[in-house]
Amino acid sequence: MFRRREPVPFAFLAEAEQFRSNVTPPPRERATVGQIAGRWLMGLTIVAALVGSLVIGMPALELDHSSTPTQQSQASDGR
């Protein structure tokens, strides 16, 4: 095998099983006020949709124990 002549920007420590880099990543961009407000609005919309679907769906999930099933038949008036 041949050795690389250019410097490698990564240093691997095999015995310590760690990875160390001498390349610093660029700084993270700070979110603007509009982006933060948009994230809050999106989260609030999702939570409101979940709560709304739960409120609308709750009557369908309830068991009605008070009424007994009765058969309704159509009777002719005899006219």
Checklist entry - When rounded to the nearest 0.5 angstrom, what is the spacing between CG in L44 and CZ in R39? => result 16.0 Å

Item to check | Side-chain cluster (under 4.5 Å, hydrophobic types only) that V33 belongs to, other residues | outcome: none

Checklist entry - Looking at residues at least two apart in the chain, or sitting in another chain, which of them share a side-chain contact (heavy atoms from CB on, under 4.5 Å) with M42? => result I46

Next on the checklist: Nearest 0.5 angstrom please: Q35 CD to E29 CD, how far?
Outcome noted: 8.0 Å

Item to check | Transitive ILVMFWY cluster of L41, excluding itself - 4.5 Å side-chain cut-off | outcome: none

Item to check | With sequence neighbours excluded, residues passing side-chain contact (heavy atoms from CB on, under 4.5 Å) with V55 | outcome: V51

Checklist outcome for this item: Across all chains, not counting sequence neighbours, the side-chain contact (heavy atoms from CB on, under 4.5 Å) partners of A37 are none

Checklist entry - So, the side chain of E62 versus the backbone of P59: is there a donor-acceptor pair under 3.5 Å, distance only? => result no

